[in-house]
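What follows is one structure encoded as structure tokens, with my remarks underneath.
Residue numbers count from 1 along this sequence.
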Amino acid sequence: RFVAFVIDMLAVTITVGTITIVSDFVVDQFPIGEITRNFVTILILLTNVAVYIGYYVGLWVFAGQTLGKALMGVRVISVDGGRITIRHALIRLAGYWLSAVILFWGYLRVIVDERRRALHDKLAGTLVVYSRNVGDTIRQQVHDEHDGMRRDRYRKMLEQNQQHKS
């Protein structure tokens with residue numbers, strides 16, 4: 001889990017850093033006043049916050065795992081075994097910060113918790129599980145959903161054929 005966290009932090013840091021560097025370069029190309037520059041700086045900051053939140057929340061909700069978690073073969077699920085909601089994801093992300101506040105105590109809970117849940121998992125009602133327990137990878141999940149759609153279409157076709165024969 002720690003390696004996945006580091007990979008995710010690198011992905012977000014590289015993305016946010018690139019946005020900041022490119023934005024600063026573009027802004028420096030134009031003669032603008034201090035008020036405009038401050039406004040642009042605030043926009044860049046808000047964009048970076050949106051990227052940070054969007055990375056974690058978006059990937060947890062839609063894929064069940066971030067890039068780091070996918071590479072390490074784990075995913076995030078709700079305690080009932082289903083996908084997490086946006087609410088779960090937002091609470092989990094806020095819990096990341098709370099987990100780090102007192103010497104990373106919230107993260108260290110995984111050592112003593114029987115379900116290996118960190119503080120942010122406990123707050124959000126989530127679990128981190130090995131991917132093979134709930135579907136191997138993001139690609140496998142998409143493949144399974146596609147196969148499910150194919151099976152549904154095939155079933156409907158069979159039903160229609162049965163009705164025509166009757």
Side-chain angles (χ1 to χ4, degrees), residues 1-24 26-27 37-149 152:
R1 289 174 69 165
F2 177 74
V3 174
F5 178 77
V6 170
I7 291 169
D8 290 332
M9 289 308 295
L10 283 171
V12 170
T13 301
I14 289 168
T15 303
V16 165
T18 302
I19 290 169
T20 303
I21 290 168
V22 169
S23 300
D24 284 346
V26 170
V27 167
R37 184 172 300 279
N38 290 341
F39 179 73
V40 170
T41 300
I42 291 169
L43 285 179
I44 293 168
L45 175 66
L46 292 173
T47 300
N48 289 340
V49 168
V51 166
Y52 174 78
I53 293 170
Y55 176 82
Y56 286 102
V57 172
L59 289 174
W60 285 335
V61 170
F62 295 110
Q65 55 193 172
T66 58
L67 175 62
K69 286 193 179 2
L71 291 173
M72 298 311 298
V74 294
R75 72 173 52 243
V76 180
I77 62 171
S78 67
V79 289
D80 65 5
R83 288 179 162 227
I84 69 171
T85 64
I86 291 175
R87 180 178 173 275
H88 286 121
L90 289 170
I91 293 170
R92 190 169 198 278
L93 186 59
Y96 264 21
W97 290 93
L98 288 174
S99 291
V101 169
I102 303 174
L103 301 173
F104 295 92
W105 174 83
Y107 290 103
L108 296 176
R109 285 188 82 252
V110 300
I111 297 169
V112 296
D113 187 272
E114 66 183 35
R115 295 172 84 182
R116 299 185 49 94
R117 294 171 73 191
L119 177 63
H120 48 273
D121 292 314
K122 190 96 169 145
L123 292 173
T126 59
L127 291 167
V128 175
V129 296
Y130 288 101
S131 293
R132 64 181 171 270
N133 293 342
V134 290
D136 290 331
T137 61
I138 295 171
R139 192 175 350 186
Q140 182 65 43
Q141 180 183 353
V142 169
H143 178 73
D144 290 346
E145 289 174 3
H146 181 70
D147 282 351
M149 287 186 290
D152 289 344

Problem - Shortest non-hydrogen separation from Val61 to Ala89 and the atoms involved - result: CG2-CB, 3.8 Å
Problem - For the student: nearest non-hydrogen atoms of Tyr55 and Gly68, plus distance - result: OH-N, 4.0 Å
Completion exercise
The reported gap from CZ in Phe2 to CD1 in Ile7 (rounded to nearest 0.5 angstrom) is 10.5 Å
Practice task
Please name the pair of heavy atoms, one in Ser99 and one in Leu119, separated by the smallest distance, quoted to 0.1 Å.
Solution key: OG-CB, 3.4 Å
Practice task
Evaluate the criterion side-chain contact (heavy atoms from CB on, under 4.5 Å) for residue pair Leu90 and Ile53; output intermediate values, then yes/no.
Solution key: CA-CA 8 Å; Leu90 289 170; Ile53 293 170; 4.2 Å; yes
Handout entry: Side-chain heavy-atom pair Thr41, Leu45 within 4.5 angstrom cut-off
Key = no
Problem - Atom pair CE/OH of Met72 and Tyr130 - distance to nearest 0.5 Å - result: 9.0 Å
Handout entry: Stepwise side chain to side chain donor-acceptor pair (under 3.5 Å) check, His88 with Thr126
Key = CA-CA 7 Å; His88 286 121; Thr126 59; over 6 Å; no
Problem - Gap between atom CZ of Arg75 and atom CG of Leu127 - 0.5 Å precision - result: 13.0 Å
Problem - Atom pair CG (Leu67) and CG (Leu59), whose distance is rounded to the nearest 0.5 Å - result: 8.0 Å
Problem - Atom CZ of Arg116: over 12 foreign heavy atoms under 6.0 Å - result: no
Practice task
Check the pair Tyr96, Phe5 against side-chain contact (heavy atoms from CB on, under 4.5 Å), reporting the backbone distance first and the verdict last.
Solution key: CA-CA 10 Å; Tyr96 264 21; Phe5 178 77; 3.8 Å; yes
Handout entry: Gap separating the CZ atom of Arg37 from the CG atom of Asp24, nearest 0.5 angstrom
Key = 8.0 Å
Exercise for the section: Report the distance from atom CG of Leu123 to atom CG of Leu93, rounding to the nearest 0.5 Å. Expected result: 12.0 Å
Practice task
Sequence neighbours left out, what pairs pass salt bridge (charged side-chain N to carboxylate O under 4.0 Å, His left out) with at least one residue falling in residues 91-102?
Solution key: Arg92-Asp121
Exercise for the section: Can you see which heavy atom on Ile44 is nearest to which on Ser23, and at what distance? Expected result: CD1-CB, 3.2 Å
Handout entry: Pair Arg117 + Asp113: basic N to acidic O under 4.0 Å
Key = no
Problem - Leu108, CG atom: more than 12 neighbouring heavy atoms under 6.0 Å - result: yes
Practice task
Examine the side chains of Tyr56 and Asp8 and answer whether a donor and an acceptor come within less than 3.5 Å of each other.
Solution key: no
Practice task
Assess whether atom CG of Leu103 is packed by more than 12 heavy atoms of other residues, nucleotides or ligands within 6.0 Å.
Solution key: no
Problem - Sub-4.5 Å side-chain heavy-atom contact between Trp97 and His120 - result: no
